[in-house]
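Any value given below was found using the heavy atoms of this structure, including those in side chains, with hydrogens, waters and symmetry copies removed. What you are looking at is a predicted structure, and each value in this text was computed from that prediction instead of being measured. Residue numbering restarts at 1 for every chain, and letters A, B, ... go by the order of the sequence lines.
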Protein chains: 2
Amino acid sequence: MGEDSRRLGGRTGGRLGDVREAALTLFAERGYRATTMRAIGEALGLRGPSLYNHVGAKQELLRDIMLGTLDRLLAEHAAAVAGIEDPAEQLRRAVVAHVRYVVSHKREVLVNNREVLSLDEPSRVLLVARRNEYERLFRNLVERGLEEGRFEVESARMASYSILDMGNGVAVWFREDGAMTGEEVAAHYGRLALQAVGARPA
Amino acid sequence: MGEDSRRLGGRTGGRLGDVREAALTLFAERGYRATTMRAIGEALGLRGPSLYNHVGAKQELLRDIMLGTLDRLLAEHAAAVAGIEDPAEQLRRAVVAHVRYVVSHKREVLVNNREVLSLDEPSRVLLVARRNEYERLFRNLVERGLEEGRFEVESARMASYSILDMGNGVAVWFREDGAMTGEEVAAHYGRLALQAVGARPA
DNA sequence: CCTACCGATCGGTAGG
DNA sequence: CCTACCGATCGGTAGG
């Protein structure tokens, strides 16, 4: 008895994956500090202390979620722009990939948007570094478009911040059962971003 | 002795204003739950329990900050668009006013962006209602511009969300001693927003 | 405005 | 994986 309640997802199979999945849901719904180990255990039909058979500390769950999100975003970005020359098309694909990630990993993105202060050092500096790295990729695309005379903005940096903030904001209002599918939203944001940087046909 | 450490700002004069000001700084720097009443008191040269002579509860400090921010944004918006006919110009002014508020109330905006989950009911529903009200104002401007054939976007709702998310994001990276003044950033975002909605000259 | 202190919560450990 | 429990933290009150 008591062998059920798993298969919730969780990139890593087994119990650890279940714990991460339950933690992700609760962190997104209530916030990191308002989520107790007991509550995470309860979601899995366990007692709080039992979680320590799979996790070293509550903080590790947050760290893995937040750093993992950035790793995956960086990977998706690379795949999205690979093999494309046109900076406008690259930017559009990068934005679509970003928003696609946001709508399909809403909880992760919500946690990433809100819990920076809950992340202990040294993970926090690592996260900020990875975020900066990710932002630079977008900024570079904007700069290339600018050099080639395809875009028209006064600051590539503000443009890249704007584009990322727009995209991250989708996590707040997107509903799986809403009027638009995630794919539609992603496509729309791709076009919105191009328009924001003043993209002109080649 | 012990009659110093005030004049930190705080819309309401006197001690209550000082407490709010200290709380705002700490909530923005460490987060609401990581900020103790003792720490707020310490920032004012007081003991934690002394704060209860001026404040009913820690939660009231958060509520006043968050709801107050929205009240002020709503008022600034009304002033910014009053007397203007052209929806493009109205939108530009509304965005400039928004970003102006963000750069001059960075801490407030950071708290508003991150602490929704820390806000107890019924304040939370009130805040969300006020946020929706504020978003609708932007959405209405976008819709009017669309009706008059001045803008070109597929969804006024996504456009308004994007514009607000862009603007709120400024609180994360803006530095008073940075390369651009708040006024320059606000002006830039005003133009960026118009470009994002595909604004065309009248 | 202060000291003393209560009551509750919570992460994590011990020890099976 | 569980029960029992420790140690620390913290909002708020009592009572001057």
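Evaluation of the ring-ring contact (aromatic ring centres under 6.0 Å, His included) rule for B:F138 yields B:H77, B:Y134 as partners, not counting sequence neighbours. Under the rule for a ring-ring contact (aromatic ring centres under 6.0 Å, His included), B:F151 has no partner lying at least two apart in sequence or in another chain. In this structure, the side chain to side chain contact (heavy atoms under 4.5 Å, CB included) partners of B:A39, at least two apart in sequence or on a different chain, are B:L26, B:R30, B:T36. Shown here are the ring-ring contact (aromatic ring centres under 6.0 Å, His included) partners of A:F174, two or more places apart in sequence or in another chain: there are none. Checked against side chain to side chain contact (heavy atoms under 4.5 Å, CB included), B:V116 has the following partners two or more places apart in sequence or in another chain: B:R124, B:L127, B:R131. Residues satisfying the side chain to side chain contact (heavy atoms under 4.5 Å, CB included) criterion with A:D64, sequence neighbours excluded, are A:R20. Here B:S104 pairs with nothing under the side chain to side chain contact (heavy atoms under 4.5 Å, CB included) rule; sequence neighbours left out.
Contacts classified as side chain to side chain donor-acceptor pair (under 3.5 Å) and involving residues 137-154 of chain B (residues at least two apart or in different chains) are given here: A:R191-B:E154, B:D86-B:R150, B:Q90-B:R144, B:E135-B:R139, B:E152-B:R200. Sorted by first then second residue, the ring pair (Phe, Tyr, Trp, His ring centres under 6.0 Å) pairs that include residues 26-65 of chain A, not counting sequence neighbours, are A:F27-A:Y32.
As rounded to whole Å, 12 Å separates atom P of C:dC10 from atom CD1 of A:I40.
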Using a 4.0 Å heavy-atom cut-off to protein, can you give one letter per nucleotide of nucleotides 11-16 of chain D, 5' to 3': B if the base is in contact, S if only the sugar-phosphate is, - if neither?
SBB---
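A:R107 and A:T25 form a side-chain donor-acceptor contact under 3.5 Å, judged by distance and modelled atom types alone.
Contacts of residues 24-31 of chain A with DNA chain C (heavy atom under 4.0 Å): none.
Taken together, the paired segments of DNA chain C that extend over three or more consecutive Watson-Crick or G-U pairs, each closer than 3.5 Å at both contacts, are C:1-16 with D:1-16.
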